[in-house]
Amino acid sequence: MRALIEKYKDFIMEVIHFGMVGVINTFLGWVIMAVLYNLIHMNYWLSSGISYFIGSVFSYHANAKLTFKVENKDKWLPWRFALNIFVCYLVSFSVAKPLVIWLLDASGLSRNGIFSQALLDNIAMIFGMGIFIVMNFFGQKLFVFRTGHHAGERAL
């Protein structure tokens with residue numbers, strides 16, 4: 001077991017650091033999203049989009065330094081990060097709402113009429129956040145901050 005942990009130590013530490021950054025970012029993002037959607041009454045896409053834009057700026061800097069320890073000044077790094085965030089956001093929030101509707105229909109919970117559009121959207125935003133977190137970690141690990149682009153190595 002110790003040898004296995006030692007073998008995957010760097011990956012384990014990346015997951016832990018990504019999780020720490022993610023907890024802060026998720027809390028911040030949910031507060032922003034909830035305020036924009038529930039208090040200011042912006043729609044599903046605008047409230048989640050603004051929240052993810054703000055969170056992405058924090059995430060970029062925190063994950064580059066703390067999680068993946070990127071030291072290079074690769075000019076494409078911010079563009080790869082932005083592309084990753086954009087794709088993860090579109091996929092996760094496009095999938096979340098139909099998934100929640102399907103789950104509620106399949107479970108029979110949607111038949112009793114307790115789910116307003118606002119409640120449905122809030123549940124979908126939480127599901128979207130979960131899908132986004134998983135996709136974003138692997139996108140950052142394998143595409144944005146991938147090995148071979150650290151410490152000044154040439155990108156793309």
Side-chain angles (χ1 to χ4, degrees), residues 1 4-38 42-72 74 76-107 109-110 115 117-150 153 155-156:
M1 181 67 162
L4 188 61
I5 291 173
E6 193 60 38
K7 180 178 179 180
Y8 294 105
K9 180 182 174 191
D10 289 342
F11 179 75
I12 292 167
M13 292 309 296
E14 286 175 347
V15 170
I16 291 169
H17 288 138
F18 189 84
M20 290 169 29
V21 169
V23 165
I24 295 166
N25 203 24
T26 300
F27 177 74
L28 173 69
W30 176 248
V31 168
I32 292 168
M33 200 178 332
V35 166
L36 294 176
Y37 183 83
N38 296 305
M42 289 183 176
N43 70 32
Y44 174 82
W45 286 105
L46 195 55
S47 58
S48 62
I50 291 170
S51 169
Y52 271 76
F53 176 79
I54 294 168
S56 294
V57 173
F58 168 74
S59 178
Y60 174 78
H61 293 289
N63 282 317
K65 298 293 182 209
L66 177 66
T67 304
F68 300 108
K69 298 179 179 27
V70 175
E71 297 176 11
N72 76 356
D74 177 4
W76 294 106
L77 193 62
W79 295 104
R80 285 196 310 270
F81 184 86
L83 178 62
N84 177 64
I85 294 296
F86 182 72
V87 168
C88 291
Y89 170 75
L90 281 182
V91 170
S92 61
F93 282 85
S94 294
V95 167
K97 203 167 186 179
L99 177 63
V100 167
I101 291 168
W102 179 81
L103 288 171
L104 292 174
D105 285 344
S107 68
L109 292 172
S110 64
F115 291 97
Q117 186 62 47
L119 182 56
L120 179 70
D121 283 350
N122 278 279
I123 294 169
M125 285 188 278
I126 292 169
F127 269 74
M129 290 172 80
I131 296 166
F132 179 91
I133 288 166
V134 173
M135 288 182 64
N136 186 35
F137 173 78
F138 286 104
Q140 286 188 40
K141 170 100 177 122
L142 301 173
F143 176 64
V144 179
F145 301 117
R146 66 184 183 253
T147 305
H149 293 285
H150 296 248
E153 294 180 25
L156 296 178

- Item | Student check: side-chain heavy atoms of Phe127 and Val95 closer than 4.5 Å | no

- Message: Quick check against the 3.5 Å criterion: does Ser51 have a side-chain atom that pairs as donor or acceptor with the backbone of Gly29?
- Response: yes

- Message: Ignoring hydrogens, what is the shortest heavy-atom contact between Ile123 and Val100? Give both atom names and the distance.
- Response: CG2-CG1, 3.7 Å

- Check: Asn136 and Ile133 side chains under 4.5 Å, non-hydrogen atoms: no

- Message: Would you say that Met129 contacts Ser92 through its side chain, given a criterion of any heavy-atom pair below 4.5 Å between the two side chains?
- Response: no

- Message: Can you confirm if the NZ or CZ of Lys97 lies within 45° of the ring axis of Tyr44 and under 6.0 Å from the centre of its six-membered ring?
- Response: yes

- Output yes when a side-chain donor or acceptor of Arg80 lies under 3.5 Å from a complementary backbone atom of Phe145, and no otherwise. no

- Intermediate values then yes/no, side chain to side chain contact (heavy atoms under 4.5 Å, CB included), Ile12 and Ile16: CA-CA 6 Å; Ile12 292 167; Ile16 291 169; 3.9 Å; yes

- Message: Is the shortest side-chain heavy-atom distance between Phe11 and Lys141 below 4.5 Å?
- Response: yes

- Would you mind reporting whether Leu83 and Trp76 have side-chain heavy atoms less than 4.5 Å apart? no

- Query: Angle class for the Tyr60/Phe81 ring planes (parallel below 30°, perpendicular above 60°, tilted otherwise)?
  - Reply: perpendicular

- Looking only at heavy atoms, what is the nearest atom pair of Asn25 and Ser59, with distance? ND2-CB, 3.6 Å

- Query: Which atom names give the shortest non-hydrogen contact between Asn84 and Met135, and what distance separates them?
  - Reply: OD1-O, 4.5 Å

- Within 6.0 Å of OH in Tyr8, more than 12 heavy atoms from elsewhere: no

- Could you grab the distance from atom CG of Asp105 to atom OG of Ser107, nearest 0.5 Å is fine? 8.0 Å

- Side chains of Ser48 and Tyr37: do they bring a donor and an acceptor to under 3.5 Å? no

- Item | Heavy atoms from other residues, nucleotides or ligands near CH2 of Trp79 exceed 12 (cutoff 6.0 Å) | no

- Task: State, with a plain yes or no, whether a side-chain heavy atom of His17 is found less than 4.5 Å away from one of Lys69.
- Result: yes

- Straight-line distance of Ile131 CD1 to Ile126 CD1, nearest 0.5 Å: 12.0 Å

- Message: Could you measure the distance from the CZ atom of Phe68 to the CG atom of Asp10? Nearest 0.5 Å is fine.
- Response: 11.5 Å

- Query: Pick one: which of Phe58, Phe132, Trp45 meets ring pair (Phe, Tyr, Trp, His ring centres under 6.0 Å) with Tyr52?
  - Reply: Phe132

- Query: Between CE of Met125 and CZ of Phe93, what distance do you get to the nearest 0.5 Å?
  - Reply: 8.0 Å

- Message: With a 4.5 Å cut-off on side-chain heavy atoms, are Leu104 and Leu120 touching?
- Response: yes

- Query: Hey, what do you get for CG (Leu66) to CE (Met20), rounding to the nearest 0.5 Å?
  - Reply: 5.5 Å

- Item | Straight-line distance of Ile50 CD1 to Leu36 CG, nearest 0.5 Å | 5.5 Å

- Query: Does CZ belonging to Phe53 count more than 12 external heavy atoms closer than 6.0 Å?
  - Reply: no

- Which atom names give the shortest non-hydrogen contact between Lys65 and Val70, and what distance separates them? NZ-O, 4.1 Å

